[in-house]
Amino acid sequence: MPISSDVLIDWFAEQGRDLPWRRPGCTPWGVLVSEIMLQQTPVARVQPIWEEWLARWPRPSALAAAGQGEVLRAWGRLGYPRRALRLHAAADAIAREHGDEVPSDVDTLLALPGIGAYTARAVAAFAYGRRAPVVDTNVRRVVARAVHGAGDAGPPSNTRDMADVEALLPAGDARAARFSAALMELGALVCTARSPRCADCPLTEGCAWQHAGRPAYAGPAKPVQRYAGTDRYVRGLLLEVLRSTSEPVEKSRLDIVWSQAGQRDRCLDSLLVDGLVEQTADGRFALPGEH
DNA sequence: TAGCCGTGGTG
DNA sequence: TCACCAAGGCT
């Protein structure tokens with residue numbers, strides 16, 4: 001048994017961070033907003049935006065009543081702005097179809113836009129105290145090391161990864177939810193990707209990686225995502241122009257941010273397709289739903 | 001399943 | 001400096 005739930009849960013009680021979406025008064029809606037914002041995004045950047053959102057839109061119906069452009073502006077520079085539109089759409093569905101209450105059932109959550117295998121189970125566990133295998137990048141790394149003795153997780157396989165974690169979950173709902181939060185926190189604070197703090201780890205005694213002599217990662221190389229000069233980068237430049245102005249802009253204002261016309265136009269087209277940009281009747285460009 | 005989708009901090 | 005990394009989802 002490489003992971004003692006008692007030891008891990010005790011460690012979490014003492015060392016876990018006091019984050020606003022973990023406080024007792026936080027609503028399931030607050031938890032859901034945090035989970036979407038935290039996708040591929042560090043806690044430090046999420047926290048101030050989360051505070052603003054919860055104060056401004058304390059319930060799903062409140063967010064649903066806002067315009068898309070407003071929501072995209074409030075999203076600011078968190079990144080992956082399609083998340084903001086999906087959360088907006090999810091809020092609308094929750095308000096209309098679920099009585100303005102965030103669902104607690106994994107399958108119901110999975111049906112909402114922007115909510116996948118991780119987020120659905122994270123909400124079930126952290127907002128409702130349900131027993132569910134919550135598998136994110138931190139959990140995959142901790143399990144790879146502590147259970148499998150590998151330096152890092154291999155390529156993700158949702159079915160296998162969830163089965164791995166399911167086997168580790170303690171029996172009760174509340175304890176399983178606590179355990180899941182603790183496992184993630186251990187990966188975030190101690191069992192980190194670059195330089196793990198094994199000296200501070202509560203699980204070293206049973207850790208398979210430790211016993212194997214901490215071998216380096218031996219799996220296939222992970223694909224590296226370039227950014228500078230990519231379409232993702234250019235889309236970011238275009239959106240930043242629209243976020244920074246309240247009035248629709250002429251295309252010439254967008255053309256100056258990137259010299260390669262072909263790539264620039266392709267990116268603008270894709271933003272229109274994604275619903276992140278709209279064209280006004282007179283041919284100018286703006287964030288959606290504002291004109 | 002691999003590739004795409006933003007952004008900023010860091011070792 | 002610059003590649004890597006950060007609570008994924010969708011197609």
Side-chain angles (χ1 to χ4, degrees), chain A residues 12 16-17 19-22 30-50 72 75-87 89-90 109-127 132-142 152-162 165 177 180-189 191-197 217 220-243 257 263 266-267 270-271 273-277:
Chain A
F12 182 54
R17 292 166 291 180
L19 299 172
W21 45 85
R22 285 180 179 162
V31 173
L32 172 57
V33 172
S34 80
E35 291 301 340
I36 301 291
M37 288 183 171
L38 286 164
Q39 290 168 5
Q40 302 287 284
T41 310
V43 166
R45 283 173 49 210
V46 164
Q47 193 160 338
I49 307 292
W50 182 90
L72 288 170
W75 192 258
R77 304 183 61 80
L78 271 187
Y80 292 133
R82 295 190 296 181
R83 290 184 292 167
L85 292 185
R86 291 181 184 137
L87 179 53
L109 287 161
L110 281 172
L112 295 169
I115 298 187
Y118 162 77
T119 304
R121 289 168 179 81
V123 169
F126 305 147
V134 179
V135 182
D136 75 332
T137 183
N138 288 309
V139 169
R140 281 171 25 77
R141 185 174 56 249
V142 173
D152 199 354
S157 158
N158 205 276
T159 309
R160 180 171 43 75
D161 294 339
M162 287 207 299
V165 173
S180 295
L183 208 52
M184 286 181 57
E185 190 75 339
L186 189 74
L189 298 183
C191 196
T192 55
R194 297 188 200 182
S195 37
R197 300 166 174 79
Y217 174 66
K222 317 202 167 187
V224 287
Q225 281 211 53
R226 301 265 168 233
Y227 182 57
T230 62
D231 284 6
R232 221 155 74 257
Y233 175 74
V234 175
R235 284 164 57 106
L237 293 179
L238 295 172
L239 275 182
E240 181 55 27
V241 171
L242 300 181
R243 247 189 260 118
V257 302
Q263 184 181 19
R266 178 175 72 241
C267 289
S270 72
L271 288 169
V273 168
D274 288 345
L276 287 163
V277 174

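All chains are named by letter (A, B, ...) in the order of the sequence lines, taking the proteins before the strands, and each is independently numbered beginning at 1. Just so you know, these numbers come straight off a predicted model, no measurement behind them.
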> So what does A/Leu239 touch, heavy atoms closer than 4.0 Å: a base, only the sugar-phosphate, or nothing?
Replying inline: nothing
> Counting side-chain heavy atoms from C-beta on, which of B/dC5, B/dT7, C/dA7 comes nearest to A/Arg45?
Replying inline: B/dT7
> Taking atom P of C/dC4 as reference, at what distance in whole Å does atom OH of A/Tyr217 sit?
Replying inline: 13 Å
>> So A/Ala117, base contact, sugar-phosphate only, or nothing? Heavy-atom distance under 4.0 Å.
In response: sugar-phosphate
> Closer to the 5' end of DNA chain C via nearest nucleotide, is it A/Arg86 or A/Val43?
Replying inline: A/Val43
> Which part of the nucleic acid does A/Val134 contact within heavy-atom distance under 4.0 Å: base, sugar-phosphate only, or nothing?
Replying inline: nothing
> Considering only heavy atoms and no angle criterion, is a donor-acceptor pair shorter than 3.5 Å present between the side chain of A/Thr41 and the base of B/dG6?
Replying inline: yes
> Any side-chain N or O of A/Thr119 under 4.0 Å from OP1/OP2 of C/dG9?
Replying inline: yes
> Which part of the nucleic acid, if any, lies within contact of A/Arg22, taking any heavy atom under 4.0 Å across all strands shown: a base, the sugar-phosphate backbone alone, or nothing?
Replying inline: base
> Picking from C/dA7, C/dA3, B/dG6, which would you name as closest to the side chain of A/Arg83?
Replying inline: B/dG6
>> Heavy-atom nearest nucleotide on DNA chain B for A/Asn158 versus A/Asp231: which residue maps closer to 5'?
In response: A/Asn158
> Once you round it to whole Å, what is the distance between P of C/dC5 and CG of A/Asp152?
Replying inline: 8 Å
> Can you find a pair of side-chain heavy atoms, one from A/Arg86 and one from A/Ile36, that are under 4.5 Å apart?
Replying inline: no
>> Using a 4.0 Å heavy-atom cut-off, does A/Tyr233 contact any base of the nucleic acid, only the sugar-phosphate backbone, or nothing at all?
In response: nothing
>> Just so I know, are the side chains of A/Asn138 and A/Leu186 near enough to count as touching, which here means a heavy-atom distance under 4.5 Å?
In response: no
> Expressed in angstrom and rounded to an integer, what is the separation of A/Leu78 atom CG from B/dT7 atom C1'?
Replying inline: 9 Å
> C/dC10 P sits how many Å from A/Arg232 CZ, rounded?
Replying inline: 17 Å
>> Are the side chains of A/Trp75 and A/Arg243 in contact, using a 4.5 Å heavy-atom criterion?
In response: no
> Side chains of A/Arg232 and A/Gln225: donor-acceptor distance under 3.5 Å anywhere?
Replying inline: yes
>> Strictly below 4.0 Å: does A/Arg141 bring a side-chain N or O up to OP1 or OP2 of C/dA6?
In response: yes
>> How many whole angstroms separate atom CD of A/Gln225 from atom C1' of C/dC10?
In response: 13 Å
> Could you state the OH-C1' distance from A/Tyr118 to C/dA7, rounded to the nearest angstrom?
Replying inline: 4 Å
>> Using whole Å, what does the distance between atom C1' of nucleotide C/dG8 and atom CG of A/Leu32 come to?
In response: 14 Å
>> Under 4.0 Å, counting only non-hydrogen atoms across every strand here, what does A/Thr230 touch: a base, just sugar-phosphate, or nothing?
In response: nothing
>> Checking A/Gln39 against A/Tyr118: is there a side-chain donor and acceptor pair closer than 3.5 Å?
In response: no
>> Less than 4.0 angstrom between a side-chain N/O of A/Gln40 and OP1 or OP2 of C/dG8, yes or no?
In response: yes
> Which value, in whole Å, describes the distance between the P atoms of nucleotides B/dG3 and C/dC4?
Replying inline: 16 Å
> Looking at B/dG6, C/dA7, B/dT10, which one has an atom nearest to any side-chain atom of A/Asn138?
Replying inline: C/dA7
> Which part of the nucleic acid, if any, lies within contact of A/Leu19, taking any heavy atom under 4.0 Å across all strands shown: a base, the sugar-phosphate backbone alone, or nothing?
Replying inline: base
> What is the minimum heavy-atom distance between A/Leu19 and A/Val43, and which atoms define it?
Replying inline: CD2-CG1, 3.9 Å
> NA contact type, A/Pro156, heavy-atom cut-off 4.0 Å: base, sugar-phosphate, or nothing?
Replying inline: nothing
> Between B/dC4 and C/dA7, how far is it from one P atom to the other, in whole Å?
Replying inline: 23 Å
>> Heavy atoms from C-beta onward define the side chain here; which of C/dG8, B/dC5, C/dA7 lies closest to that of A/Glu185?
In response: C/dA7
>> Taking the minimum atom-to-atom distance to the side chain of A/Tyr80, which one of C/dA7, B/dC5, B/dG9 wins?
In response: B/dC5
> Is there a side-chain contact between A/Arg45 and A/Arg77, using heavy atoms and a 4.5 Å cut-off?
Replying inline: no
>> What contact category does A/Ala122 fall into here, base, sugar-phosphate, or nothing, at under 4.0 angstrom with non-hydrogen atoms?
In response: nothing
> Looking across every strand, which nucleic acid part, if any, lies under 4.0 Å from A/Gly116 by heavy atom: base, sugar-phosphate, or nothing?
Replying inline: sugar-phosphate
>> Minimum heavy-atom separation for A/Pro113 and A/Ala89, please, with both atom names.
In response: CG-CB, 3.8 Å
> Tell me: CZ of A/Arg77 to P of B/dT7, nearest whole Å?
Replying inline: 5 Å
> Between B/dC4, C/dA7, B/dT10, which one does the side chain of A/Arg194 approach most closely?
Replying inline: B/dT10
>> Between A/Arg243 and B/dT7, is there a contact of a side-chain N or O with OP1 or OP2 at under 4.0 Å?
In response: yes
>> Just to be sure I understand the rule, does A/Trp75 reach a base, reach only the sugar-phosphate, or reach nothing, if contact means heavy atoms closer than 4.0 Å?
In response: nothing
>> Let me spell it out: for each of A/Ser34 and A/Ile115, pick the nucleotide of DNA chain C with the closest heavy atom. Which residue's pick is nearer the 5' end?
In response: A/Ser34
